[in-house]
Student: 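Attaching a single structure in structure tokens format; questions to follow.
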Protein chains: 2
Amino acid sequence: MPKYLQIYQQLVDRIQNGTLPAETKLPSETELMQEFGASRGTVRKAIDALQDKGFVRKHQGKGVFVLSQDAIAFQFNGIVSFSEAHRQMGEHDVKTDVISCDLIEATEELAHLFHIAPGTSLTQVKRVRTIDGERVIFDINLFVTSLVPGLTKDIAGASIYQYIEQTLGRQISYAKRKIEAQPATAEDQQYLDLEGTSHVIVITNDTYFYEGQHFERTQSRHRLDKFQFTDIARR
Amino acid sequence: MPKYLQIYQQLVDRIQNGTLPAETKLPSETELMQEFGASRGTVRKAIDALQDKGFVRKHQGKGVFVLSQDAIAFQFNGIVSFSEAHRQMGEHDVKTDVISCDLIEATEELAHLFHIAPGTSLTQVKRVRTIDGERVIFDINLFVTSLVPGLTKDIAGASIYQYIEQTLGRQISYAKRKIEAQPATAEDQQYLDLEGTSHVIVITNDTYFYEGQHFERTQSRHRLDKFQFTDIARR
DNA sequence: AGATATTTGTACGTATGTATT
DNA sequence: CAATACATACGTACAAATATC
């Protein structure tokens, strides 16, 4: 592990175990240099990482200050798949049913979206997520088949993201997300326990590989009252 | 402007005007050093900034690659106030009506939330946003009065964030956001043109100053079909 | 109010390590 | 194996913002 990450990790530990409580000032760069036997640049890199992760805030001329812990607890930004998200939550009975896993041909519109030729093969996966006995999420995934080959119903029942990263060895880089409400479709009514609600929350997710290739669009359709999304925004 | 930001800006320009199209490789650090007459550290800082903003991706041993433009167009992350968001969109007839601007006393629950004593003064602002003639957003703001003093109906009708940053001279740092659906309340029905929809989308926003003080909680209640939220997530 | 010290920000230079070509 | 390109680490100097005397 690089030295700057070691320093970073030790400082994170101190913040998390209360040695460096919220609102207190971190030792100055000069002091940290002496303590860790590192150059100023290395110490600064560690502190920059702390700030990126939301642990501290730097102020020129003043110092570096620890931010309150509860701010960090909120920090589950980033791309998190369904199975990752619910493994952490625990306590809930979660099940995934794969409705279908088919090859389809890209329409004009989808071809344009993925920057591929019309008619190119796409893999379409439809899944229903059941939480505590209620069917509350209906996912429709579309993958560019050439970029994500070999998808099967079995894989779709486990974790597609794990398959992409571990079996295919591709690295997922970033995702664009859109959240909106839409009237429930006939398919929504068929696959979800809507309990009379007229709308669903739709999260459209466009995901990209490290190299910038757009390989997936997913619509995740949630029952209104079972949907919640949190994040942290920085000015 | 610091040198590394000048280099950053010039590279952004080239990416945006097509001189450096997506998927192409940036000049190497050595070449950029010569071109801009800068040290390697300075060039690297500029490239790091490019990567932070999502313009490029660095690969050790390979080079730095330009990411596709449409990924960046999506990049309006961060904390954006209502008036900021709609100034950019243009084309729409937007109006803000201030329903009330009162001092209230913190309940036990609110006191705990803001880490203040029960009974401490809070400023409560209720506003309705009308877009193209329809009342679609109902905002309820709660400010810790001692941290955001002097709020008036007039200020609430313009931009509270601008007042905080420019008049009070305080810097807003980050916000925690939660998005969920809730059944419409009587107040929602009174102030919004609900068009028969039973639920509203509620965005709860907790905002913090640079120093880490929690100074605001806002509930922004949106009509279902007029709500949309986008962001970009990184792995 | 003003000078001085402290603290972070920027910039340069050099050397060595690691991944890819 | 060698060359190329990015990553880490050390050191120095000066600037800018803030705190202190």
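A, B, ... follow the sequence lines: proteins, then strands. Residue 1 opens every chain. A quick note: this is a predicted structure, and the numbers were derived from the prediction, not measured. Basis for what follows: all heavy atoms, side chains included, without hydrogens, waters or symmetry-related copies.
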Student: Between atom CG in A/Leu50 and atom P in C/dT8, what is the gap in whole Å?
Tutor: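 Rounded to whole Å, this separation is 13 Å.
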
Student: What does B/Gly41 touch in the nucleic acid at a heavy-atom separation under 4.0 angstrom: a base, only the sugar-phosphate, or nothing?
Tutor: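 Nothing, no nucleic acid heavy atom in range.
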
Student: When you compare the side chains of B/Asn205 and B/Glu216, does any donor N or O come within less than 3.5 Å of an acceptor on the partner?
Tutor: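 No, no side-chain donor-acceptor contact under 3.5 Å.
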
Student: Regarding A/Thr96 and A/Arg129, do their side chains bring together a donor and an acceptor under 3.5 Å, going by distance alone?
Tutor: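 A donor-acceptor contact under 3.5 Å links the two side chains.
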
Student: Rounded to whole Å, please give me the gap between CZ in A/Phe36 and P in D/dT8.
Tutor: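 Nearest whole value for this atom pair: 18 Å.
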
Student: Indicate, yes or no, whether a donor-acceptor pair under 3.5 Å links the base of C/dT18 to the side chain of B/Gln60.
Tutor: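 Flag set: donor-acceptor pair detected.
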
Student: Cut-off 3.5 Å, side chains only: do B/Thr19 and B/Asn17 have a donor facing an acceptor?
Tutor: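 Judged by distance alone, the side chains do pair up.
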
Student: Could you give the CD-to-P distance, from B/Glu29 to C/dT20, as a whole number of Å?
Tutor: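 Atom CD in B/Glu29 sits about 16 Å away from atom P in C/dT20.
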
Student: Whole angstroms only, please: what is the CD-P distance between B/Gln34 and D/dA5?
Tutor: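 Atom-to-atom, B/Gln34 to D/dA5, this comes out as 11 Å.
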
Student: Output yes when at least one side-chain N/O atom of B/Arg44 is less than 4.0 Å from OP1 or OP2 of D/dC6, else no.
Tutor: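 The answer is no; no side-chain N or O of B/Arg44 sits under 4.0 Å from OP1 or OP2.
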
Student: Of A/Gly37 and A/Gly61, whose closest DNA chain D nucleotide lies nearer the 5' terminus?
Tutor: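 Per heavy-atom nearest nucleotide, the more 5' residue is A/Gly37.
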
Student: OP1, OP2 of C/dT8 versus side-chain N and O of A/Lys62: anything below 4.0 Å?
Tutor: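 It does not, given that no N or O in the side chain of A/Lys62 lies less than 4.0 Å from OP1 or OP2 of C/dT8.
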
Student: For D/dT8 and A/Lys45 - does any side-chain N or O of the residue sit under 4.0 Å from the phosphate oxygens OP1/OP2?
Tutor: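 Yes, within the criterion.
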
Student: Looking at C/dT7, I'd like to know if its phosphate oxygens (OP1 or OP2) sit under 4.0 Å from a side-chain N or O belonging to A/Lys58.
Tutor: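 For C/dT7, OP1/OP2 do not have a side-chain N/O of A/Lys58 under 4.0 Å.
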
Student: Between A/Phe65 (CZ) and C/dT6 (C1'), how many Å, whole number?
Tutor: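 The answer, rounded to whole Å, is 12 Å.
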
Student: As a test of reading the structure: which of C/dC12, C/dT10, D/dA9 is closest to the side chain of A/Ser39, going by heavy atoms?
Tutor: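 The listed nucleotide nearest to A/Ser39's side chain is D/dA9.
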
Student: Measure the distance from CG on A/Leu32 to P on C/dT7 and round it to the nearest whole Å.
Tutor: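 Computing the A/Leu32:CG to C/dT7:P distance gives 11 Å.
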
Student: Rounded to the nearest Å, what distance is computed from the NZ atom of residue B/Lys25 to the C1' atom of nucleotide D/dT4?
Tutor: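 The answer, rounded to whole Å, is 8 Å.
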
Student: Starting at CG of A/Leu26 and ending at P of C/dT8, how long is that distance when rounded to a whole Å?
Tutor: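 About 9 Å, once rounded to whole Å.
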
Student: Do A/Arg57 and A/Val64 have side-chain heavy atoms sitting under 4.5 Å apart?
Tutor: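 In short, these two side chains do not touch, never coming nearer than 4.5 Å.
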
Student: According to a strict under-4.0 Å criterion, is A/Thr42 in side-chain N/O contact with OP1 or OP2 of D/dT8?
Tutor: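 No, no such contact exists.
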
Student: Under 3.5 Å, side chain of B/Arg40 to main-chain N/O of B/Thr30, donor-acceptor pair present?
Tutor: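 No, B/Arg40 side chain to B/Thr30 backbone: no donor-acceptor pair under 3.5 Å.
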
Student: Let me know, please, whether B/Ser28 or A/Arg40 comes out on the 5' side of the other along DNA chain D by nearest nucleotide.
Tutor: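 By nearest-heavy-atom nucleotide position, the 5'-most residue is B/Ser28.
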
